[in-house]
Structure formats: C-alpha cells, structure tokens
There are 2 protein chains.
Amino acid sequence: MYKNKKVTSYDVAREAGVSQSAVSRVFRPGLSVSKKTRDKVMATANKMGYRPNAIARMLITKQSGMVAVIVSSRANENYPEVLSQVSKQLAARNKRVLLFTLDDAAGVDDLFEQIWTFQVDGVIALAAHFESQRLAQFEQHKVPVVLYNRNVPDASTNTVCCNHEQGIKQLLAELKLNNPQSYLVLSGPVDSDVANERREIALDLLKKSGEKNVQVLYGDYTYQSGRDCIAQWLKKNPAPDAVVCSNDTMAIGVIDEIRENHNIHIPNDMSVVGFDGIASSFWQSYQITTIKQPVEQLVKAAVDMLIEHIENADSPPEARVLTGTLIKGNSVKRS
Amino acid sequence: MYKNKKVTSYDVAREAGVSQSAVSRVFRPGLSVSKKTRDKVMATANKMGYRPNAIARMLITKQSGMVAVIVSSRANENYPEVLSQVSKQLAARNKRVLLFTLDDAAGVDDLFEQIWTFQVDGVIALAAHFESQRLAQFEQHKVPVVLYNRNVPDASTNTVCCNHEQGIKQLLAELKLNNPQSYLVLSGPVDSDVANERREIALDLLKKSGEKNVQVLYGDYTYQSGRDCIAQWLKKNPAPDAVVCSNDTMAIGVIDEIRENHNIHIPNDMSVVGFDGIASSFWQSYQITTIKQPVEQLVKAAVDMLIEHIENADSPPEARVLTGTLIKGNSVKRS
DNA sequence: CTGAAAGCGCTAACAC
DNA sequence: GTGTTAGCGCTTTCAG
C-alpha cells in the first residue's frame, strides 16, 4: 500500500502511464474518456487508494459543494426532524451540510466570518433571527440564503414558512366550539420571530372576533416555562377557558402543571392548543390539538429554492408558504 | 464597493501598496508584522470587503478545519442535545462540523467516499455501527476517528461511552427493591450496537443474580415500538413485574400503552425503567426511573480525544467510559 | 520585517 | 480522445 503520503492524480497518472488530466477526466462524471484509459486509470487508482481532493477542486471551480445550515438554540423542538431532512435532501442534491449552531447574538459576527471564508454555496437558516442588515450582507457577498420558518415582511429574502395564520385560525375555530369566555395566549420568547408572529396573529384574530378577555404571557418555548407560566398565572387569577400556546412543548408543560397541581380538567374545564405537531404531542398522555407542520415539504421547498438560486444567481427572491394540518387531539373538548 | 468579483489577497496588496505575502501574514494570527503594515492592510481589506479564502488555505496547509460528524438514524433520542454539544465544543476548538446523516447500510460506501475526498481533519460517529473493516479504513487514510457511545471490544479505536454496565446494575438494584418475580427486557434494534450492549448486560446481570423468569422483546427504539411490544406481549402473557427498556422513548411507550389499554398500575403493579435521561423522561406525566447520560462530559471527552489525535497522529487509541446518574423517578415503586 | 518565488492538487481551455 | 499548459488563492521558505 502507498500509505506514506496522500496519493495525487499525478501519482496515478505516472503509474498508469497516462497524463494527469486523463486521471482528472476519469473522476469527473460526464467527460469523454475512452473505456480503455478509464479502466486502466480506475484500476491503478483503486490499487493506490487514490481519492480526488475535493479541496483542490473547490479552489478551481469556486464551488465548495457545501451549504451552511444555521441552527439557533431558539429553534423549535421539531428541529431534529428538520435538520435530518435538510441533510438528507441536500445530500440528494449533491451538497454537504456545514453545520453552525448559534447560541446567542454574540456569536453572529464570528458566524458570518466563517460563512464567507468557507465559500459555502448557500445558506439555510433554521428559525434564526437576523437583523435586516445581516441579510443584506448575504446579498453583498452573493451567497444565496433561504430562511426556514420565517416570514419576512420585506420580500427581498427567500423564505419558506408554514402558514401560521391559517393554522391559528383553525385552532381558534376549534376552541370556539366550546364558546370560551377567557383566553390565555402563551407566547414564545420575544427574540424568536416565529414566536412573535404566532402571538400577534392569535391576538389579532381574537381581537377581530370580538374577544374581550384575552391575556398574554411569555415563556421561552420550553416545557418548564409552560409549567411556570400557567402556575404563576393561576396563583392570582381564575383559570382561563382556553390556552393558546405558541408551541407544543409549552402546551405539554401547561397540561402537566395542571394535572399535578390543580383540580382542573382538560379539556372539560380548560382547553389547550399547541403548534408544530412534534412527536410527543401525539403521545397518549397528551394528545394535543395542534397544527402539524409539513416538515418534509417545507424542507423540500427550502432546498429547491436554494439550489435554484445557487444555479441561477439572479432568480428573484421568493416566499413559499405551506399549509399545516389541524390535528384534533384531546386537549380541546369535542362535541 | 468592489462587488463584481471576489477580492483576493493580491487585490488588497496592490491597493495597500504591499506584497501579497504581507496580506497573508496579517490574516494569519501569530505572525510577525509591523503594526504599520498591519493597520494599513486591515484598513484596505475592510474597505474592499476582503475575506481570506479558507479553501485555498486548506489546500496548502492540508488541514480542512472540518470534522465529519456522522449521525445515524438509529441514534438515541438524545442526539439533538449531543449534536448541539458537539457543534459547540468543536467550534470552541476552531473546527467546523461537516454533517452526514446515515440512513441505512446502503449509504455507507458513499459516505466514506465523501469523507476521504473532503479531507476532513477527523470524524466523530454518533451511535453508528461500522464493520471493523470500515474502521480499518480510517487508519489507512490516517483520519482520526472517535466513536461516540460505543464500546468496541478490540481496543484499536477511540471510543467514548457511558458506563452501561454500572447504569444497568443500578437500575436493576432499584427494581430489586420490590422483589419482582418476572422481567421483560425490551431491547432496541439488533443493528444498534448500543441496544445490543444494553440488552446483553441486562440479561447477563439478571442471569447472574439467578432470575429465572426473564423474557426479551425487540423494539426499534421508538415510542410506537414500546407500545406495540408491550401490547403484543400482554395479549398472551401475564404482566411482568418489571420492564427493562433499552431507552427512555420505548419506556414512555410502554407506560402510555398500559395507561390506555390495561388495568395495570405503574409502579404499583409493574415497574418500568429506561435509559438515557432524555428531556421527556422527566416530564410530570412520566417521571421515569432511568440513567441520565452525562452528555456534556461525554462530548467533551470525544472532542478532546479527537483533537489530541488530530494534533498528534500517533497517540495511542483510547477508550473513555463515563458514569451516568441514576434518576429515581416514579416508574419504580419506592418504599 | 518584508517581498519574491514556488508550489498545494486539481480543472479547463487549448492544441494535437 | 489525449496531453500540455496555465492558473484557482493562499502559505511558506528563503533572501534581502
């Protein structure tokens, strides 16, 4: 075995008695090489354990074949599923995932530095919040970007989003069947764009339908915050008839808190709805009424858009909105 | 703005009136440049929007600064936490994560091709199963690798693992307090090394302590498989006194199935234990007795080992085993 | 401390 | 169809 140093296309060429570019051609699909040379090259390449060096290729083709995927810690609980889909679907398009996790605003500068230096072909941002000046940088550096699960008002960015409005409308309609007199909206954190959007839509719709008794609390999307919020609220206030949570995880927290510490029956005395359709929302012990996001299709849309913009630098920005599915669970009374 | 093409170190050099290597030096930390040149270069670089091209750097330094992280779909439910930790801790060591997801054995060939061509500095495999010949390839290609949550008998590979034996010993001791007469071991899938290890350890320990009535069922680590297995079992058999699940998710499934369809009380009539300590195992409605994996420390160990082997090619293979924490939940009766 | 020069391993014209 | 040649953008000796 030739293990002492990395074997290059030159080494293979010499050994096979062909030119270096012949070797290169053999390993670039779709280039015309005679079967004879191809076989000869392949044979010696295998013998020598040769693998083309993607780095060198990137340098010359100016395509890294890598897509930066940014995951913020504020991401929904369904992000593992999303990430796995993203990885799978990008792989199918012959792109690799360069993963970045974003903890707090502090890391953003560094993150962007990395993105530029690594010459990624594109960026998919999962539920992260970026200032609009940040988004402008992508354009300056000519790096296509798709925001997943975000709805940016000014339509200069590619976005893919679940239809929050329609979803929340359906959830509220479901709640209305029981004619609730008081609502509690349990919002996600204010630094999450998705949370803000869901909250505002809910408040807006409730207002439009003339509801007077609507209160808002702020959690941070976690189970514990769901528990804490409702516990805190019930210390000084009567139980609301309906609780509208910005995600399933908080809804689960609410349900557990009620079960443990309060003599309130869900759904008979109180209705709870969530959002996302995460795996545990379907578990027997919770069975939350929620909107299931069409994750696979959302990711497909995101990947399609990104590839389109990578291949065609001046295609116009696009926003795609997909509709989720109402899941009628047992956290809202059914007649 | 100089936006028409990527600006290179030559462009900056020309503009700043210095040599190209001067620019290079400025952007390589720890190299001696006079403050005057440094300032001048920095200023024009910023003005022109210059960013060093990491690809070119990789080509010459033969270090990509990337670590391949392989996630298999068989990974435990705690993988999001693990992945997030891995990403964070590698970032702290100035490495980027190139993420690969592995669905089935079919993709392995392709995966390995990618790993070689992308010249990654190292590999962390999360709960994936590789044949030993595969592992040998890493050595041939001189790519350091750390297996996370695997215990390979032949000690020629770097591994980091939670102490399954001690954990399961503790869980069984906890169960013993109620003097169970019959055990059901609910194993994960046979193509998961972790699952096999946990099952065998449990069976072994039970045998050693003289238990006669021990049955085994095979799930696939999912919630639904937990439900299905126990439901199937109870159709034809009496309820076991103790159920030992290979992960928390299946334990949750067991609990939910029992709650919905059987008149059996947990923990009074039946005890259930899990493994992993995933977030939902602590939820009020489950509170599983389980072993919480020390994820942060496990990842730290993995990353430390990997970096060590990247920097020091001939450090010897190492296996680190960390001990988990027994969580005394409510799925086992407490006296 | 600085600049000149030689590549890293490969791709992409371009002749033959 | 194949070989020759000129780089991609950077790091790294090596003189000065």
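In what follows, chains are A, B, ... by sequence order, proteins preceding strands, each numbered from 1. Values reported hereafter were calculated over all heavy atoms of this structure, with side chains retained and with hydrogens, waters and symmetry mates removed.
- Per the geometry, CH2 belonging to B:Trp116 stands 18 Å off P belonging to C:dG9, to the nearest Å.
- At a threshold of 4.0 angstrom between heavy atoms, the contacts of A:Val33 are confined to the sugar-phosphate backbone, with no base atom among them.
- The terminal axes of the helix from C:dC1-D:dG16 to C:dC16-D:dG1, fitted over 5 pairs per end, subtend an angle of 30° to the nearest 10°.
- For the residue pair A:Glu308 and A:Ser315, a side-chain donor N or O sits within less than 3.5 Å of a side-chain acceptor on the partner.
- For A:Phe27, the ring-ring contact (aromatic ring centres under 6.0 Å, His included) partners at least two apart in sequence or on another chain are A:Tyr50.
- Counting only N and O atoms by type, the side chains of B:Thr159 and B:Thr157 include no donor and acceptor under 3.5 Å apart.
- Partner A:Pro144 forms a side chain to side chain contact (heavy atoms under 4.5 Å, CB included) with one of A:His309, A:Glu311, A:Glu139 and no other, that one being A:His309.
- Between A:Arg134 and A:Asp109, at least one side-chain N (NZ, or NE/NH1/NH2) sits under 4.0 Å from a carboxylate O, which counts as a salt bridge.
- Salt bridge B:Arg93/B:Asp304: present, at least one basic N to carboxylate O contact under 4.0 Å.
- Atom CD of B:Gln63 and atom C1' of C:dC8 are 14 Å apart (whole Å).
- Comparing B:Leu59 and B:Gln20, the nucleotide of DNA chain C nearest to each residue sits closer to the 5' end for B:Gln20.
- Of the candidate nucleotides C:dG3, C:dC8, C:dA13, C:dG3 has the atom lying nearest to any side-chain atom of B:Ser21.
- Taking only side-chain nitrogens and oxygens, B:Lys62 comes nearer than 4.0 Å to OP1 or OP2 of C:dG9.
- The base of C:dG3 lies close enough to the side chain of B:Arg25 for a donor and an acceptor atom to sit less than 3.5 Å apart.
- On the nucleic acid side, DNA chain D contacts chain A at distances under 4.0 Å to non-hydrogen atoms, with the end points of that region at D:dG1 to D:dG9.
- Rounded to the nearest 0.5 Å, atoms CD (B:Gln293) and SG (B:Cys161) are 8.0 Å apart.
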**Residues B:Phe112, B:Phe130; criterion ring-ring contact (aromatic ring centres under 6.0 Å, His included); working and verdict** = CA-CA 11 Å; B:Phe112 274 68; B:Phe130 293 127; 5.4 Å; yes
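- Residue-level contact check: A:Val18 touches the backbone only, with heavy atoms under 4.0 Å from sugar-phosphate atoms and none from bases.
- At whole-Å resolution of the value, CD1 in B:Ile55 and C1' in C:dG9 are 13 Å apart.
- Distance CG (A:Asn53) to C1' (C:dG9): 6 Å, rounded to an integer number of Å.
- Each of A:Val86, A:Val71, A:Asn149 was compared with A:Tyr79 under the side chain to side chain contact (heavy atoms under 4.5 Å, CB included) criterion, and only A:Val71 meets it.
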**Message:** Could you go through B:Ser21 and B:Ser24, starting from their C-alpha distance and side-chain angles, then the distance that decides it, and tell me whether this counts as side chain to side chain donor-acceptor pair (under 3.5 Å)?
**Reply:** CA-CA 5 Å; B:Ser21 39; B:Ser24 174; over 6 Å; no
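- For C:dA12, neither phosphate oxygen OP1 nor OP2 lies less than 4.0 angstrom from any side-chain nitrogen or oxygen of A:Ser24.
- Side-chain nitrogen and oxygen atoms of B:Ser34 include at least one within less than 4.0 Å of the OP1 or OP2 phosphate oxygen of C:dT2.
- When heavy atoms are screened at a 4.0 angstrom cut-off, A:Tyr50 is found touching the sugar-phosphate backbone but no base atom.
- Between C:dA4 and B:Tyr10, no contact under 4.0 Å exists linking OP1 or OP2 to a side-chain N or O.
- In this model, the phosphate group of C:dC10 is not approached by any side-chain N or O of A:Arg57 to a distance below 4.0 Å at OP1 or OP2.
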